[in-house]
Amino acid sequence: MDEKAKDFIREIIDADIASGKHSDITTRFPPEPNGYLHIGHAKSICTNFGIAQEYNGKCNLRFDDTNPVKEDIEYVDAIKHDVEWLGFKWSSLHFASDYFERMYILAEKLIGMGLAYVCDLSPEDTRAYRGFASKPGKNSPFRDRSIEENLDLFRRMKNGEFPEGTRTLRAKIDMTSPTMCLRDPHMYRILHRDHHRTGSTWCIYPMYDFAHCLEDSSENITHSICTLEFEPNRPLYNWYLEKLDIYRSRQIEFARLNMSYTVLSKRNLRTLVEKGLVNGWDDPRMPTLSGLRRRGVPADAIRNFCSLIGLAKRNSTVDVALFEHSIREKLNKVAPRVMSVMNPVKLVIENYPEDKTEHFDYVVNPEDESAGTRPTPFSRELYIERDDFMEDPPKKFFRMGPGREVRLRYAYLVTCTAVVKDEDGLITEIRCTYDPDTRGGNAPDGRRVKGTLHWVSAAHSFPVEARLYDRLFNKENPMDNEDGIDFTSNLNPDSLLVTTNCMVEDHMRSKTPGFICQFERKGYFSIDPDSTSEKMVFNRTITLRDSWKKLKKNKK
RNA sequence: UGGGGCGUCGUCAAAUGGCAAGACACAGGGUUUUGGUCCCUGCAUUUGGAGGUUCGAAUCCUCCCGCCCCAGCCA
C-alpha cells in the first residue's frame with residue numbers, strides 16, 4: 001500500500017494520539033450563516049469531516065451565529081443542504097446561539113475574577129486608545145471599575161438599559177501587548193436586534209474570539225481547524241480557555257483555498273449577486289456549492305479535488321485547470337454519451353431511401369462496459385455541426401469538405417457531393433452519398449477515414465436550449481486591476497452563451513433536471529431546473545479537452 | 001519599521017541530515033469509430049539570497065531579501 005504523505009494537521013493528530021493526549025478525535029465545521037458555501041469551504045469541510053472519518057472520530061456542524069445583523073435562517077438551510085450534498089454527515093448539529101446562556105455566565109465569571117470590565121468608550125475613542133501596531137495602547141479610563149459595578153453594568157447591558165454602541169464588555173489583558181487582539185478585546189457588544197433563532201431574548205451578543213473558543217470547548221473539540229487569518233488570535237483563544245479553566249481545544253490554522261480565474265470571498269460573491277452580474281448564488285458560473293451543483297459538477301469531483309490540492313500553511317493559488325481536470329476525470333467515468341448538435345446544418349444523404357429508418361447500436365459509455373448499448377435512429381436527413389464542415393479545408397482538418405469521405409459515428413461512411421447556399425452565401429444544406437457497405441462505420445475494403453462526426457436524425461431529434469458556460473473571469477487574478485478595487489472589470493463577457501436551437505436525440509425527452517451526460521465531442525452537460533415541458537435547458541458543465549482548438553490557436 | 005506566519009518546477013505539493021516524490025499544466029510520440037479517454041517520453045544538477053556547521057544540508061546555525069495576516073463594538 002502506498003502511504004500517502006500526511007499533511008501537517010494529520011501529523012499533529014497522529015502525535016497527539018501517540019502521546020496519549022487524545023484517544024478520540026473531534027472536529028467541527030463552523031460556518032457563519034451569512035452567505036452560501038463555496039469551493040473554499042469545501043476544502044474546510046473535506047478536511048474536518050475527512051479527518052473525523054479517518055480517525056473514527058466525530059465532526060460537528062456548528063453555525064457560528066453570533067452576529068444577528070448579518071445572519072439569516074435562509075443560509076442555515078442552504079448550508080446544511082450543501083454539506084449533505086457533498087457527502088458528509090455531522091455527528092451533531094449546534095448553534096453558537098445555543099450557548100449564549102453559558103457564555104453569559106462565563107463572562108460574569110471573568111468579571112468576578114477581575115478579568116473583564118464594562119467600558120464606556122465610544123467606538124472612536126476605543127480606536128484611539130488601542131494605539132498602533134508599533135505603538136502601545138493606553139488603558140481605558142473605565143478599566144478599574146469595581147467588580148460590583150461591572151457586574152451591575154453588564155446585567156443592565158443584558159437587560160437592554162443602554163443604547164447600541166454605548167458600552168461593551170472587555171477582557172482585561174494588556175493594552176501594551178504587541179499582539180493587537182490582546183489589547184483588552186471586546187467580549188460583548190450591545191445589539192438591539194432580533195436574532196434568527198433567539199428572537200428578542202438577547203440584546204448583547206458575544207464577539208467571535210470569546211464565543212468561538214467556548215463553543216469548541218463545550219463540544220470537546222480536540223482540534224479546532226481554521227484558516228490562517230486567525231493565527232494572531234490564537235493567544236486570545238487560549239487565554240479565555242485557560243482563565244476559565246475549561247476544556248482546552250487546540251486551534252490549528254491552514255491556508256485557505258484560492259483559485260485562478262475565480263473570486264472566493266463571500267463579500268465579492270455577494271457583490272456579483274447583488275449587482276445582478278450573475279443570476280443568483282446558484283448561478284452555474286458561481287464557485288458556490290449550489291452553483292457548481294446546478295452546473296453539473298459531481299460532489300465526488302469536488303471531494304477528489306480537495307484531496308489533490310493538499311493542506312499546508314503557505315498562501316497559494318490553485319490552478320483552476322486542476323479543478324477542471326477533477327471534473328472531467330469523474331464525468332468521463334460516469335456520464336452516458338449522447339449525440340447532440342449545437343449549431344445544426346442539414347445533411348442530406350442523396351442515395352438513402354426517403355422513408356427508411358434504421359437503428360444502430362450506440363455504446364452508452366466506453367469507459368463503463370456495464371452501461372451497455374442502446375439503439376439510435378438514423379435516416380436520410382440528418383443534422384451535423386456547422387463547424388464540422390469547411391468548403392476549403394486545410395490539410396489538418398479531418399472533418400467534412402467537398403469530395404471528402406468521413407464517418408458518421410456508428411452509422412456509415414459518407415462523401416460530400418454538394419453544398420446548397422442561400423442568397424447571402426450561408427450554407428443551408430450539405431449533400432452527400434453514403435456507402436451501404438460501410439454499415440456500422442467500417443469499410444470492408446479496409447480504407448480508413450480521418451474524421452468521425454456526431455449527428456442526429458432530423459426526424460428523431462428535438463431542439464433544446466444550451467447554456468454554454470465558461471470561466472467567469474478572463475484574468476488569472478480577478479482582483480488584479482487598474483483601480484485595485486473593481487474586480488468586475490475582469491468579468492468574462494462570454495462566460496454565458498445561449499443557443500436555443502441545439503438538436504438532441506429524442507430519447508432525452510424523458511430525462512429530468514440534474515441528469516448529467518456527455519454530448520459527444522462537445523462536453524459534459526446537465527439538465528437545468530429551468531427546463532419546462534416546452535423547452536429543455538442544458539448547462540454545459542465543462543468542455544472536453546480540445547486538441548483541435550489548441551492546434552488552431554497555436555497556428556495563429 | 002511591533003507581533004504572528006510563509007518562501008521547493010508555470011501552478012499545487014512531498015521529502016523530518018543521506019542521492020529533490022507525485023499531480024495539474026506544457027511539449028512530443030503511440031492507440032482510438034469522440035481531435036475525448038488511455039498509454040509512453042520529456043519537463044528543478046537544485047529548494048528566495050549570501051555565508052557557516054557537517055563526510056554529507058531543502059532540512060541545522062547566522063545575516064539578508066520577499067510575500068501574507070493583525071489597529072471592526074465582523075468572522
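Letters A, B, ... are given to chains in the order of the sequence lines, protein chains preceding strands, and every chain is numbered from 1. Basis for what follows: all heavy atoms, side chains included, without hydrogens, waters or symmetry-related copies.
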Would you indicate what A:Phe397 reaches in the nucleic acid, counting non-hydrogen atoms under 4.0 angstrom: base, sugar-phosphate, or nothing?
-> base
When you check the gap from the basic side-chain N to the acidic O, do A:Asp184 and A:Lys172 get nearer than 4.0 Å?
-> no
What's the NZ-C1' distance between A:Lys450 and B:U34, to the nearest Å?
-> 15 Å
Can you tell me the pairing partner of B:G42 across any strand shown, Watson-Crick or G-U wobble, with both distances under 3.5 angstrom?
-> B:C26
May I have the distance from A:Leu551 (atom CG) to B:G35 (atom C1'), rounded to whole angstrom?
-> 9 Å
Side-chain donor-acceptor pair present, A:Ser326, A:Asn304, cut-off under 3.5 Å = no
Could you go through nucleotides 72-75 of chain B and list every protein N or O atom that sits under 3.5 Å from one of its N or O atoms, giving the distance for each pair?
| unit_1 | atom_1 | unit_2 | atom_2 | d |
| --- | --- | --- | --- | --- |
| B:G72 | OP2 | A:Arg130 | NH2 | 3.3 |
| B:C73 | OP1 | A:Arg130 | NH2 | 3.4 |
| B:C73 | OP2 | A:Arg130 | NH1 | 3.1 |
| B:C73 | O5' | A:His186 | NE2 | 3.3 |
| B:C73 | N3 | A:Gly165 | O | 3.3 |
| B:C73 | N4 | A:Leu121 | O | 2.7 |
| B:C73 | N4 | A:Pro123 | N | 3.4 |
| B:C73 | N4 | A:Gly165 | O | 2.9 |
| B:C74 | OP2 | A:Arg189 | NE | 3.0 |
| B:C74 | OP2 | A:Arg189 | NH2 | 3.1 |
| B:C74 | O3' | A:Arg189 | NH2 | 3.2 |
| B:C74 | O2' | A:Asn67 | ND2 | 3.1 |
| B:C74 | O2' | A:Lys70 | NZ | 3.3 |
| B:A75 | OP1 | A:Thr66 | OG1 | 2.7 |
| B:A75 | OP1 | A:Arg189 | NH1 | 3.4 |
| B:A75 | OP1 | A:Arg189 | NH2 | 3.0 |
| B:A75 | OP2 | A:Tyr208 | N | 3.0 |
| B:A75 | O3' | A:Asp64 | OD2 | 3.2 |

Has A:Arg374 got its NZ or CZ under 6.0 Å from the middle of the six-membered ring of A:Tyr362, at an angle within 45 degrees of the ring axis?
-> yes
Considering every strand shown, what is the Watson-Crick or G-U wobble mate of B:A57 when both distances are under 3.5 Å?
-> none
Is A:Arg250 paired with A:Asp216 through a side-chain N to carboxylate O contact shorter than 4.0 Å?
-> no
Pick base, sugar-phosphate or nothing for A:Ala312, based on heavy-atom distances below 4.0 Å to the nucleic acid.
-> sugar-phosphate
Between B:A71, B:G4, B:G35, which one does the side chain of A:Phe132 approach most closely?
-> B:A71
Would you mind reporting whether A:Asn477 and A:Thr317 have side-chain heavy atoms less than 4.5 Å apart?
-> no
Which part of the nucleic acid, if any, lies within contact of A:Leu544, taking any heavy atom under 4.0 Å across all strands shown: a base, the sugar-phosphate backbone alone, or nothing?
-> base
Distance between P atoms of B:G56 and B:C12 (Å, rounded) = 34 Å
Is it true that A:Lys313 and A:Glu253 have a side-chain N and a carboxylate O under 4.0 angstrom from each other?
-> yes
Whole-Å distance between B:A71 P and A:Met175 CE?
-> 14 Å
When the C1' atoms of B:G35 and B:G30 are considered, how many whole Å apart are they?
-> 15 Å
How far, in whole Å, is B:G7 from B:A71 if one measures between their P atoms?
-> 24 Å
Can you check the A:Ile9 CD1 to B:U16 P distance for me, whole Å?
-> 20 Å
Please state the P separation for the pair B:U54 and B:U59 - nearest whole angstrom.
-> 16 Å
Using a cut-off of 4.0 Å on non-hydrogen atoms, how would the nucleic acid contact of A:Glu324 be classed: base, sugar-phosphate, or nothing?
-> nothing
Could you check whether A:Arg399 gets within reach of a base, just the sugar-phosphate, or nothing at all, counting any heavy atom under 4.0 Å?
-> base
Does A:Phe525 have its ring centroid less than 6.0 Å away from the ring centroid of A:Phe519?
-> yes
By the Watson-Crick or G-U definition, both distances under 3.5 Å, B:C67 is matched with B:G5
Say you pick atom C1' in B:G48 and the same atom in B:U8; how far apart are they, in whole Å?
-> 10 Å
Look at all strands and tell whether A:Glu367 reaches a base, only sugar-phosphate, or nothing, counting heavy atoms closer than 4.0 Å.
-> base
Mind telling me if B:G56 is syn or anti? Syn here is a glycosidic angle within 90° of 0.
-> anti
Could you tell me whether A:Asp120 and A:Arg145 make a salt bridge, using a distance below 4.0 angstrom between a side-chain N and a carboxylate O?
-> yes
Can you tell me, in whole Å, how much space there is between the C1' of B:C64 and that of B:A25?
-> 34 Å
Spacing between A:Asp174 atom CG and B:G3 atom P, to the nearest angstrom = 14 Å
Which is true for A:Arg256 with a 4.0 Å heavy-atom rule: it touches a base, it touches only sugar-phosphate, or it touches nothing?
-> nothing
Any N/O donor-acceptor pair, A:Arg234 side-chain to B:G4 base, under 3.5 Å | no
Which whole number of Å gives the distance between the P atom of B:A20 and that of B:U45?
-> 11 Å
Give the B/S/- string for nucleotides 22-30 of chain B, one per nucleotide from 5' to 3', where a protein heavy atom under 4.0 Å of the base yields B, of only the sugar-phosphate yields S, and otherwise -.
-> --SSSS---
Classify the nucleic acid contact of A:Asn34 as base, sugar-phosphate or nothing, counting any heavy atom under 4.0 Å across all strands shown.
-> nothing
Take the protein atom CD of A:Glu231 and the nucleotide atom P of B:G5, then report the distance between them rounded to whole Å.
-> 6 Å
Between A:Arg399 and A:Glu385, is there a salt bridge with N-O shorter than 4.0 Å?
-> no
Gap between atoms CG and P, on A:Asp388 and B:G36 respectively (whole Å) | 14 Å
Spacing between A:Leu311 atom CG and B:C6 atom P, to the nearest angstrom = 13 Å
For the rings on A:Phe8 and A:Phe254, is their centre-to-centre separation under 6.0 Å?
-> no
If you measure from the Lys or Arg side-chain nitrogens to the Asp or Glu carboxylate oxygens, is any gap between A:Glu358 and A:Arg439 under 4.0 Å?
-> yes
For nucleotides B:U37 and B:U32, find the distance between their C1' atoms and express it as a whole number of Å.
-> 9 Å
Base paired to B:A15 (Watson-Crick or G-U; both N/O distances under 3.5 angstrom) = none
Thinking salt bridges, do A:Asp174 and A:Arg183 make one under a 4.0 Å N-O criterion?
-> no
Contact nearer the 5' end of RNA chain B, comparing A:Lys135 with A:Lys43 | A:Lys135
